[in-house]
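These notes concern the structure reproduced below.
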Amino acid sequence: MTTSATMTAPVADELGLDMAALRAEFPMLHRTVHEGQRLVYLDNAATTQKPAAVIDAVADYYRTCNANVHRALHQVAAEATALYEAARTDLAGFIGAPETECIVFTRGTTESINLVAHGWGDAILKPGDEIVLSEMEHHSNLIPWQLLAARTGAQLQFIPVLDDGTLDLEAYRKLLSGNVKLVAITHMSNLLGTINPVREMVAEAHRAGALVLVDGAQSVPHFPVNVTDLDCDFLAFSGHKMLGPTGIGVLYARRNLLESMQPFLGGGEMILKVDWRSATWAEIPHKFEAGTPNMAGAIGLGAAVRWLRQFGMDTLHRHEAALTQYAIERLEEVPGLEIFGHAPERGGAVSFSLDGIHPHDVAQFVDQQGIAIRAGHMCVQPLIRQLGHAALSRASFYLYNAEDDVDALVAALHKTREFFDHADG
Ligand code: PMP
């Protein structure tokens with residue numbers, strides 16, 4: 001177990017981050033894999049590890065005040081409700097939401113987007129209406145709109161991705177001259193790492209009379225995101241990608257939209273008055289939280305947000321930006337390695353191919369050396385195909401990664417290259 005002995009982290013040093021102390025807070029980073037090797041975890045775009053503060057918040061909730069929220073009049077239920085609602089307040093503050101009621105707890109980004117597709121889209125869209133997406137959308141921000149288009153007769157339009165991995169904003173402007181009702185766009189691509197100019201894109205969509213949903217799955221965890229500043233209508237993100245538990249996420253939406261939208265799921269807790277054949281709905285956000293919610297998850301996510309705040313999202317972003325730049329430079333040393341995504345504004349998801357070696361073989365080979373990366377279609381099949389591949393490999397970073405992790409990956413990729421070149425020869 002080497003967490004600090006071999007660590008090089010000049011970037012972190014500059015930012016005043018004590019990487020050894022920081023890593024010490026993540027139990028998972030202290031386990032070993034494949035016979036005693038340090039786990040080098042570089043699959044953060046898929047899910048992040050959890051600090052003890054989050055694990056403890058979840059465990060403490062179950063140990064000390066487990067009860068169903070909002071229902072009972074007894075003391076522990078009141079305590080559980082207070083913790084659950086305090087988490088909502090933490091989340092509202094974290095993304096600059098004007099009101100706590102605009103935060104709906106969901107299972108994650110996917111559910112948040114489906115909620116909008118059903119709760120807003122089913123009632124509003126008509127044949128001939130258009131939904132503008134981009135070619136870099138994750139399946140979570142594609143399939144719900146395909147299904148909605150099939151239900152309503154609306155059409156999907158796509159903003160092309162240019163060679164450097166940025167969006168074709170000229171084409172976007174042209175698309176906005178159509179009958180566009182919604183623009184649904186990722187803030188940061190999980191494949192290319194591109195950070196899209198969402199603020200400007202929102203302003204342009206609004207001028208064209210369209211609403212904007214931002215997929216914040218890869219942005220909210222990694223840099224400051226403020227919905228008031230972005231002026232977006234909807235923002236979806238997942239707790240598990242930002243140190244929080246799995247099965248919890250958020251939909252932010254403007255109050256007037258939430259109030260006018262239909263519920264997505266029906267059941268207990270989301271009603272005001274129920275008759276045999278009809279019902280009225282609870283106030284927002286409860287109208288969208290049918291059934292017993294993920295109380296432990298929300299409380300854990302609140303703890304994650306408080307933990308992140310001690311560093312500041314700006315520091316986190318600067319650390320990741322510097323580490324990503326270092327990673328790109330070092331990865332390019334590996335013969336036959338091609339990186340996809342060269343946008344000037346990019347985050348720490350770095351996808352690559354290694355000439356002549358299948359990405360699954362790359363991932364398996366580096367895994368043998370203790371390094372966890374992802375390989376596959378990364379839930380963006382159409383874009384990967386457009387790039388001429390069936391799959392790619394991806395390394396993705398978080399606050400606890402440093403140069404030693406990148407160095408380990410690069411060394412493992414050199415070995416992979418040598419092994420396969422030798423095997424071929
Ligand atoms: N959008 C993007 C950009 C993502 O990276 C992901 C997760 N990989 C999702 C949406 C879906 O998130 P979840 O599976 O947590 O719902």
Side-chain angles (χ1 to χ4, degrees), residues 106 108-163 165-192 194-198 200-219 230 232-238 251 253 257 261-262 264 341 343 377-390:
T106 63
T109 309
T110 304
E111 187 178 296
S112 297
I113 296 173
N114 278 277
L115 193 166
V116 177
H118 283 272
W120 175 83
D122 279 342
I124 300 290
L125 294 189
K126 292 184 287 308
D129 286 343
E130 292 174 8
I131 303 169
V132 170
L133 309 174
S134 83
E135 287 178 350
M136 62 171 78
E137 298 313 314
H138 187 280
H139 296 165
S140 299
N141 198 28
L142 172 60
I143 311 293
W145 309 120
Q146 291 181 353
L147 293 169
L148 176 64
R151 290 197 299 275
T152 60
Q155 303 288 316
L156 303 185
Q157 304 290 354
F158 293 90
I159 312 165
V161 173
L162 299 171
D163 287 347
T166 58
L167 289 179
D168 183 344
L169 295 175
E170 278 308 307
Y172 173 58
R173 280 169 208 130
K174 288 196 187 111
L175 287 173
L176 285 177
S177 64
N179 196 19
V180 182
K181 292 287 187 299
L182 179 76
V183 174
I185 179 93
T186 190
H187 203 166
M188 176 179 136
S189 163
N190 65 311
L191 184 76
L192 305 170
T194 310
I195 298 174
N196 290 316
V198 162
E200 294 72 23
M201 294 177 79
V202 168
E204 287 178 285
H206 284 170
R207 278 199 288 279
L211 299 182
V212 181
L213 176 142
V214 177
D215 173 351
Q218 299 294 345
S219 62
L230 291 180
C232 59
D233 303 287
F234 304 102
L235 174 76
F237 57 99
S238 302
L251 172 69
L257 288 167
M261 277 160 61
Q262 287 300 304
F264 173 38
H377 55 62
M378 255 71 86
C379 295
V380 280
Q381 278 191 18
L383 178 59
I384 290 230
R385 268 199 298 278
Q386 195 160 290
L387 294 169
H389 290 263

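Every value quoted in this text rests on a predicted model; they were computed, and no experiment measured them.
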Which residues satisfy the salt bridge (charged side-chain N to carboxylate O under 4.0 Å, His left out) test with E111, sequence neighbours excluded? R107
Could you tell me whether the side chain of I195 reaches within less than 4.5 Å of the side chain of Q218, counting heavy atoms only? no
Atom pair CZ/CD1 of F234 and I113 - distance to nearest 0.5 Å: 11.5 Å
Sequence neighbours left out, what pairs pass salt bridge (Lys or Arg N to Asp or Glu O under 4.0 Å) with at least one residue falling in residues 149-160? D122-R151
Do H187 and L230 make a side-chain contact, defined as non-hydrogen atoms from C-beta onward lying under 4.5 Å apart? yes
With a 4.5 Å heavy-atom cut-off, do I185 and L133 have their side chains touching? no
For N179, all residues meeting side-chain contact (heavy atoms from CB on, under 4.5 Å), sequence neighbours excluded: D129, K181
With sequence neighbours excluded, residues passing salt bridge (charged side-chain N to carboxylate O under 4.0 Å, His left out) with D168: none
What closest approach, in Å, do L175 and E130 show between heavy atoms, and which atom pair accounts for it? O-OE1, 4.3 Å
Step through it carefully: locate the ring centre of H377, locate the ring centre of H139, and say whether they are under 6.0 Å apart. yes
Student check: side-chain heavy atoms of W145 and L182 closer than 4.5 Å: yes
Side-chain donor or acceptor of S134 paired with backbone N/O of M136 under 3.5 Å: yes
Side-chain donor/acceptor pairs under 3.5 Å, residues 202-213, sequence neighbours excluded:
residue, atom, partner, partner atom, Å
E204, OE2, R173, NE, 2.4
H206, NE2, D233, OD2, 2.8

Using side chain to side chain donor-acceptor pair (under 3.5 Å) as the criterion, list what pairs up with T109, not counting sequence neighbours. S238
Output all residues satisfying side chain to side chain donor-acceptor pair (under 3.5 Å) with S112, sequence neighbours left out; order by chain, then residue number. T106
Distance, nearest 0.5 Å, that separates CD1 of I124 from CG of L257: 8.5 Å
With side chains defined as the heavy atoms from C-beta onward, is the minimum distance between Y172 and L167 less than 4.5 Å? no
Heavy-atom check, side chain of L148 versus side chain of I131, under 4.5 Å: yes
Applying side-chain contact (heavy atoms from CB on, under 4.5 Å), name anything that partners H138, two or more places apart in sequence or on another chain. S140, N190, D215, C379
Under the rule for ring-ring contact (aromatic ring centres under 6.0 Å, His included), what residues qualify as partners of F264, not counting sequence neighbours? H118
Side chains of I384 and L191, heavy atoms from C-beta outward: is any pair under 4.5 Å? yes
Can you sort out the partners of W120 under side chain to side chain donor-acceptor pair (under 3.5 Å), two or more places apart, ordered by chain and number? none
Show your reasoning for whether side-chain contact (heavy atoms from CB on, under 4.5 Å) applies to L176 and V183. CA-CA 9 Å; L176 285 177; V183 174; 4.0 Å; yes
Sequence neighbours excluded, which residues qualify as side-chain contact (heavy atoms from CB on, under 4.5 Å) partners of A149? L156
Run the side-chain contact (heavy atoms from CB on, under 4.5 Å) test against E135 and tell me which residues pass, sequence neighbours left out. F158, P160, V161, Q386
